[in-house]
Amino acid sequence: MNTLSIVGLQFGDEGKGKITDSLSHQFDYVVRYQGGHNAGHTVYANGQKYVLHVLPTGIVHPHTMNILGTGMVISLDALQKEIQPFNLSQIRISDRAHLLFPFHQQIDAQSEQTTSQKIGTTQKGIGPAYQTKTSRIGIRAGSLKDLSRFKVELTQLKNTLGVQFDVDAYLEQMKAFIASIVPYITDTSYEVYQAYQQGKRILFEGAQGVMLDLDHGTYPYVTSSHPTPSSIPVDVGLPPAFVRDALGIVKAYTTRVGEGPFPTEIFGEDADKIRKTGNEYGSTTGRPRRIGHLDVVMLQHAIRMTGVNQLAITLLDVLSIVDTIKICVAYEWNGQRTTLVPSHAQDLANVKPIYETLPGWKTPIQDCKSFSDLPKEAQDYLHRIQQHLGVPIRFISNGPKREQLIERGHHD
Ligand code: IMP
């Protein structure tokens, strides 16, 4: 199979950037298909740390082509900043991807301040940009090819949304950058289709995580796109049969940023220790992430939704500091035991997690090179996760560096 999709199975921030980066040199194409610069994928390359928000992770490999797919909402300002150290000729932007403008960001920030139901968004304008798209008044990247038509469309959009925005000043400021990217705005569905037919290897890079999916996550505390491989065919413009193998990324515990239900959340000193050790601060917003135990109920929900057939467990080394490890295996809800995720956020907030507890290993594991190097308790934890989820664990990330990644053998 020459395609692979990478998907976060929790609330985003599972460490997809590192896994994608470790694998992306094996691929000819890396394709982002949803979201925008709300994502934050941290990669280390050429001795440098890059936090990529809008660019696919393959950009750090000079021979990889990087696609910004149709399902994305693209901020030109964010793209301009991020592309600086890289080569523009290594990207292709879908002519059908929607553009995200500074006023979308303002609307996002305002609605977070004024609405009674705060979502805790990244305030990057993602929700408002998708709203513009689904209201069928959006502007797509292809419009940048004709600046006078683009100006008319942008003026109309500004008037329809009733926002203060100086179209002329924006165009003046972005003119040179727009001219530089126009040659790379293309029908990316055609490009990826051709690449597939030629036997090229294609990696689909998901942003956020399944529990932030607009439909299948903890609505309304979700993002406005579908971070599941099921959306790739539509978001890239490909037949579903092109998307089969999927690698699910699972952090060894759970984190979440923003508001919303989090049944296994922990507080106080225990949470602080994990936050500090795992550097659990948003890579896009810097917000401290909320911390919790591993939640198998949510993971089973996410696995069912995505059909992932292999897993990577990340940040396992962080759990070296805890005495015991809890896994939530079911919820108690209205006096009943359930292994389904209730659809209403308030109900999910009211479930009581049912845990099983395993001993910790209390020893550093960052230097382990193979599964058998890991302490027995860590191996047991991984085996237990695999038993609960019914999907083989292929990779274990035991530190932030590229080489701190264990690929499991068949007999581990
Ligand atoms: P939005 O995507 O900015 O609209 O934010 C909606 C929700 O998704 C908020 O809870 C954000 O914190 C969360 N979110 C968006 N992008 C990411 C991400 O890349 N990692 C983790 N959480 C995210």
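When a ligand or atom number is given, it counts from 1 through the structure's own listing order. Note that the numbering runs from 1 along the sequence shown for the chain.
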Measure the CG-CD distance between Leu316 and Gln366 for me, rounded to the nearest 0.5 Å.
->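 Result: 10.5 Å between the selected atoms.
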Check for me whether [X] has a heavy atom closer than 4.0 Å to any atom of ligand 1.
X: Ala207; value: no
X: Arg256; value: no
X: Asp108; value: no
X: Gln208; value: yes

Going by the atom numbers of ligand 1, which of them fall below 4.0 Å from some non-hydrogen atom of Phe11?
->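 Those qualifying, in numeric order: 21 (C), 22 (N).
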Measure the distance from atom 20 (N) of ligand 1 to every protein heavy atom, then report the residue, atom name and distance (to 0.1 Å) of the closest one.
->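 Ranked first by proximity to atom 20 (N) of ligand 1 is Asp13 OD1, 3.1 Å.
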For the pair Glu280 (side chain) and Ile291 (backbone), establish whether a donor and an acceptor sit closer than 3.5 Å, ignoring hydrogens and angles.
->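 Here the side-chain-to-backbone pair does not exist.
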Do Glu82 side-chain atoms and Val54 backbone N/O form a donor-acceptor pair below 3.5 Å?
->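 Yes, because the side chain of Glu82 sits within donor-acceptor range (under 3.5 Å) of the backbone of Val54.
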Around Gln336, counting heavy atoms of other residues, nucleotides and ligands shown, do more than 12 lie under 6.0 Å from its CD?
->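 Check fails, neighbour count at 12 or below.
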For atom 19 (O) of ligand 1, state which one of Gly12, Ala39, Gly217, Gly258 supplies the nearest heavy atom.
->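 Among Gly12, Ala39, Gly217, Gly258, the closest heavy atom to atom 19 (O) of ligand 1 comes from Ala39.
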So, regarding [X] and ligand 1 (criterion: nitrogen or oxygen to nitrogen or oxygen, under 3.5 Å), is there a contact or not?
X: Glu259; answer: no
X: Ile126; answer: no
X: Asn38; answer: yes

Specify the closest pair of heavy atoms between Asn38 and Thr284, including all atoms of both residues, with the distance to one decimal.
->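 Between these two residues, the closest heavy atoms are O-OG1, 3.1 Å.
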Using a 4.0 Å heavy-atom threshold (strictly under), name the region of Leu212 that reaches ligand 1: side chain, backbone, both or neither.
->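 Side chain only; the backbone of Leu212 stays clear of ligand 1.
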